[in-house]
Amino acid sequence: MDAQIPKVKRTQREISKPKDFTDPEVLHQKLIQAIRVYHPSTDLTMIEKAYQLAYDAHKEQRRKSGEPYIIHPVCVAIILAELELDKETIVAGLLHDVVEDTVFSLEDITKMFNEEVALLVDGVTKLGQLSYSQDKMDIQAENLRKMFLAMAKDIRVILIKLADRLHNMRTLQYMKPEKQKEKARETMDIYAPIAHRLGISKIKIELDDLSLKYLRPEVYKELEEKLQSTKENRKTFIDSIIQEVSSHLEETGILAEVDGRVKHFFSIYKKMRNQNKTLDQIYDIFAVRIKVNTVKDCYAALGVIHELYKPIPGRFKDYIAMPKENMYQSLHTTLIGSSGTPFEIQIRTFEMHRTAEYGIAAHWKYKEGGGNINKEEEKLSWLRQILEWQQDMSDNREFLSMLKTDLDLFAEQVYCFTPQGDVKTLPAGSTPIDFAYMIHTAVGNRMVGARVNRRQVPIDYRLQNGDRVEIITSQNSNGPSRDWLSIVKSSQAKTKINQWFKSQFKEENIIKGRELIERYCKAKGLVLANYTKPEYQKKCMTKYGLKNWESVLAAVGHGGLKEGQVVNKLVEEYEKEHKKQLTDQDALNAVAEKNKTDKQPTRIRRHSGIVVKGIDDLSVRFSKCCSPVPGDEIIGFVTRGRGISIHRTDCVNILSMPESDRARLMDAEWEEDAAAKNGELYLAEIVIYAHNRTGIMLDISKCFLELKTDMKSVQTRTSKQELATIAISFEISGIEELNHIIKKLRGIESVIDIERNAG
């Protein structure tokens with residue numbers, strides 16, 4: 001055969017691993033060399049100008065390691081150059097911290113370079129206007145929202161961000177332990193999955209391994225030591241497989257390049273965790289890769305391999321016929337070697353390998369004076385989905401949860417067909433409803449039934465690989481049902497269903513919410529106009545994570561917020577502003593005026609430390625559904641025959657209370673220093689979400705022991721994905737002690753999140 005195996009430059013190059021380069025000029029030359037390998041132009045004036053600006057701007061700054069700060073942006077630019085990106089991207093990589101950390105502005109960047117570079121720098125720059133008093137989760141969510149919006153304008157934003165995160169993870173050893181875990185968790189939850197979705201395995205693999213190194217250091221060290229000790233045996237085994245495979249392919253006339261490797265640390269760890277085995281019990285950690293010229297050669301090579309080795313049933317996957325969402329294509333088959341050791345073989349073309357290693361970066365077409373992504377970007381439907389549903393998702397906790405679910409790279413997938421034969425990729429466990437919304441929002445909203453493989457199926461049918469799905473729609477459909485939310489699996493379907501209900505009843509909820517707030521103010525003798533200044537409303541919107549005042553009114557209307565919560569926040573902001581203006585006499589007059597409006601005397605229940613307005617002689621008790629403690633925002637509910645029950649204002653039972661029962665709600669507050677005065681302890685309950693591992697309950701118990709807090713009850717359950725949910729109740733004196741306990745528990749390895757029971 002005359003055909004020759006092409007020299008594929010990309011497959012021979014690696015993303016540079018960290019080295020002890022502390023001289024900026026050495027790194028500068030390394031950057032120039034990396035660019036000249038692939039850049040068609042010899043004019044690097046713009047890059048030299050950007051390097052000089054970054055060098056001057058960061059001149060007085062040092063990293064945690066003590067090294068000159070300029071080392072970081074240059075290393076980021078080198079990573080981008082090794083992905084063979086255009087000049088504008090590399091310039092933005094050099095300048096990505098200039099606006100955030102120095103005196104230069106985006107306007108300066110635009111004048112010195114161009115709008116394209118400024119847009120990229122702005123997309124990577126964190127939000128500067130956020131208040132430090134905001135919750136960390138809110139700050140993280142807002143920064144991620146900004147990043148995804150910037151990605152919509154130019155996908156290069158996320159490529160710069162990934163390079164930035166990769167270098168930060170490489171130098172994480174200089175951070176404090178708690179900061180290491182925080183960054184590693186964010187990387188594993190957000191950035192590694194994004195790299196996976198973009199198909200950039202070179203970056204994704206290293207981010208995974210570095211995250212594991214700091215999240216599970218003992219596991220990482222054990223893997224490192226054991227793999228090092230068996231290095232020679234592994235090399236002998238892999239070399240023998242490569243030699244056998246190469247000779248057989250050559251005999252059949254298939255030109256191929258064959259190499260082998262051990263799977264990366266995180267992949268091995270995941271296999272150990274999922275199969276509940278030790279490293280010694282995991283055998284298929286070897287992978288051999290065959291690269292050929294054509295798709296036809298891929299299947300021909302597969303036939304040769306299956307003739308040479310015995311395949312393990314059910315372990316063959318054809319990602320060429322049905323590519324992954326991130327454009328990945330390859331044939332995967334697991335075989336038994338002559339020594340009885342299992343190993344995996346991946347077969348792909350050189351172009352497929354290029355895409356597998358560099359993802360969307362492999363499809364970047366350089367164009368002098370600007371960059372452009374080709375049609376492959378159209379395949380990134382997941383990004384469009386995130387951009388669509390994030391616009392209507394006001395709750396930051398919900399946004400982060402949905403984002404992690406949508407990016408989840410561990411989620412299994414199911415491949416189904418439309419009646420026309422188009423392939424749709426869905427999360428395992430998806431239903432015809434998920435399939436309908438994957439096709440189009442209107443199809444999902446008008447769905448009335450489904451046929452799978454020409455047979456009528458219920459809407460909660462779990463789709464299987466290869467199912468041919470036909471969605472039955474009707475113009476007379478009343479829209480989706482709220483019950484569908486508990487049936488669907490995909491983030492997209494849940495978001496679209498919620499959007500439908502919000503849009504259908506938004507006007508109605510806004511009117512209802514406004515009426516409830518007005519009625520509440522009238523009952524309390526408050527003049528609403530005094531408290532609805534834009535600055536007060538903005539504070540209220542920020543507290544509840546909503547984008548505009550209409551969203552606040554709609555939330556009150558559909559029960560997501562209680563009108564008392566909103567009014568109390570407005571009054572609080574009003575009083576903050578007017579506090580400085582009041583003299584002592586003014587304050588006394590205000591108190592006297594307020595007392596006139598109270599129709600009933602205040603009754604203080606000394607035994608509970610609770611002050612309830614407007615009651616005479618009713619007993620007060622704490623509700624078990626939400627377990628309020630001193631410091632919580634509370635409200636009273638007049639029960640039938642059992643006095644007043646005290647709830648947190650965010651209690652689910654209060655928020656979802658029927659309109660007919662709202663009249664029985666009473667203002668309540670804690671007596672000053674309630675816990676200290678009464679010496680009482682209050683029952684609190686939290687729910688811990690964590691990756692399941694041996695010893696996690698022991699670590700949690702040690703934490704409570706160190707804090708001298710007794711656990712009253714513990715309930716645990718573990719999902720198939722090895723996610724543990726641990727509910728713990730215990731007694732405390734107040735909210736400060738509770739927050740301290742939660743902070744300590746968050747520092748435990750494998751803990752993902754902690755929530756209080758809200759009913």
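Predicted, not measured: the structure shown is a model, and the values here were computed from it.
- Of all the heavy atoms in Ile160 and Val76, the pair that sits closest is O-CG1, 4.3 Å.
- For Arg63, the salt bridge (charged side-chain N to carboxylate O under 4.0 Å, His left out) criterion is met by no residue, not counting sequence neighbours.
- Here Arg156 pairs with Glu116 in a salt bridge; the nearest charged N to carboxylate O distance falls below 4.0 Å.
- By the 4.5 Å heavy-atom criterion applied to side chains, Gln346 and Glu344 are counted as neighbours.
- Heavy-atom contacts from other residues, nucleotides or ligands closer than 6.0 Å to CD of Glu115 number 12 or fewer.
- Tyr437 places no side-chain N or O within 3.5 Å of a backbone atom of Lys494 that could act as its donor or acceptor partner.
- The nearest pair of heavy atoms linking Leu223 to Phe265 is CD1-O, 3.8 Å.
- The side-chain heavy atoms of Thr355 and Gln329, taken from C-beta on, include no pair separated by under 4.5 Å.
- A heavy-atom distance below 4.5 Å is not found between the side chains of Arg185 and Ser211.
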Could you walk me through whether Tyr328 and Arg348 pass the side-chain contact (heavy atoms from CB on, under 4.5 Å) check? CA-CA 10 Å; Tyr328 178 88; Arg348 59 182 69 153; 2.8 Å; yes

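- In this structure, the ring of His332 has its center less than 6.0 angstrom from the ring center of Tyr319.
- Atom-to-atom distance recorded for Met169:CE and Leu210:CG is 5.0 Å, nearest 0.5 angstrom.
- A donor-acceptor pair shorter than 3.5 Å cannot be found between the side chains of Gln29 and Gln33.
- For Phe104, the ring-ring contact (aromatic ring centres under 6.0 Å, His included) criterion is met by no residue, not counting sequence neighbours.
- Ion pair Lys202/Glu82 not flagged as a salt bridge, since none of the NZ, NE, NH1 or NH2 atoms sits closer than 4.0 Å to an Asp/Glu carboxylate oxygen.
- Between Ile90 and Leu31 the shortest side-chain heavy-atom distance falls below 4.5 Å.
- Counting only distance, with no hydrogens or angles, the side chain of Ser430 and the backbone of Pro427 share a donor-acceptor pair below 3.5 Å.
- Counting heavy atoms of neighbouring residues, nucleotides and ligands inside a 6.0 Å radius, atom NZ of Lys49 exceeds 12 of them.
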For the pair Arg354 and Glu351, evaluate salt bridge (charged side-chain N to carboxylate O under 4.0 Å, His left out) and give the outcome as yes or no after the intermediate values. CA-CA 5 Å; Arg354 185 178 163 201; Glu351 184 60 31; 3.4 Å; yes

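- Counting only N and O atoms by type, the side chains of Asp164 and His96 include a donor and acceptor under 3.5 Å apart.
- Here the CD1-CG distance, from Ile242 to Asp259, works out to 6.5 Å after rounding to the nearest 0.5 Å.
- In plain terms, the two heavy atoms of Ile70 and Tyr51 that are nearest each other are CG1-CE1, 4.3 Å.
- Using a cutoff of 4.0 Å between basic side-chain nitrogens and carboxylate oxygens, Glu206 and Arg170 are scored as salt-bridged.
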Evaluate the criterion salt bridge (charged side-chain N to carboxylate O under 4.0 Å, His left out) for residue pair Glu186 and Arg165; output intermediate values, then yes/no. CA-CA 10 Å; Glu186 185 182 46; Arg165 178 52 61 110; 2.8 Å; yes

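- The shortest distance between side-chain heavy atoms of Ile205 and Phe266 does not fall below 4.5 Å.
- For Arg693 (side chain) and Arg216 (main-chain N/O), no donor-acceptor pair under 3.5 Å exists by modelled atom type.
- Atom-to-atom distance recorded for Asp297:CG and Leu249:CG is 9.5 Å, nearest 0.5 angstrom.
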Hey, mind stepping through Asp122 and Val99 against side-chain contact (heavy atoms from CB on, under 4.5 Å) and telling me if it holds? CA-CA 8 Å; Asp122 184 42; Val99 173; over 6 Å; no

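- Contact annotation: the side chain of Leu463 approaches that of Phe435 to within less than 4.5 Å [non-hydrogen atoms, C-beta and beyond].
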Can you list the steps and then say if Ile203 with Leu159 is a side-chain contact (heavy atoms from CB on, under 4.5 Å)? CA-CA 10 Å; Ile203 289 181; Leu159 299 179; over 6 Å; no

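- From Ile347, atom CD1 reaches atom OG1 of Thr333 across 7.5 Å, with rounding to the nearest 0.5 Å.
- Contact between Met175 and Gln180 at its shortest, heavy atoms only, is O-NE2, 3.1 Å.
- With no hydrogens or angles considered, a side-chain donor-acceptor pair links Tyr299 and Asp318 at under 3.5 Å.
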What's the verdict on salt bridge (charged side-chain N to carboxylate O under 4.0 Å, His left out) for Lys176 and Glu182, showing C-alpha distance, side-chain angles and the deciding distance? CA-CA 10 Å; Lys176 293 179 180 178; Glu182 181 185 323; over 6 Å; no

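- Residue Met46 holds its CE atom at 9.5 Å from CG of Asp86, rounded to the nearest 0.5 Å.
- In this structure, Phe113 and Leu53 approach most closely via the heavy-atom pair CE1-CD2, 3.7 Å.
- With no hydrogens or angles considered, no side-chain donor-acceptor pair links His72 and Glu67 at under 3.5 Å.
- With sequence neighbours excluded, the residues that form a ring-ring contact (aromatic ring centres under 6.0 Å, His included) with Phe237 are Phe286.
- Using a cut-off of 4.0 Å between Lys/Arg side-chain N and Asp/Glu carboxylate O, Lys204 and Asp208 are scored as salt-bridged.
- Of the possible polar contacts, none joining the Thr110 side chain to the Ala118 backbone as a donor-acceptor pair under 3.5 Å is found.
- Closest non-hydrogen pair, Ile71 versus His167, comes out as O-CE1, 4.5 Å.
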Between Arg36 and Leu44, does the side-chain contact (heavy atoms from CB on, under 4.5 Å) criterion hold? Intermediate values first, please. CA-CA 9 Å; Arg36 290 203 185 280; Leu44 301 182; 3.8 Å; yes

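- To the nearest 0.5 Å, atoms NZ (Lys183) and OG1 (Thr187) are separated by 7.5 Å.
- Between Glu224 and Asp209, every side-chain heavy-atom pair lies at or beyond the 4.5 Å cut-off.
- At a threshold of 4.5 Å between non-hydrogen side-chain atoms, the residues His58 and Val98 count as touching.
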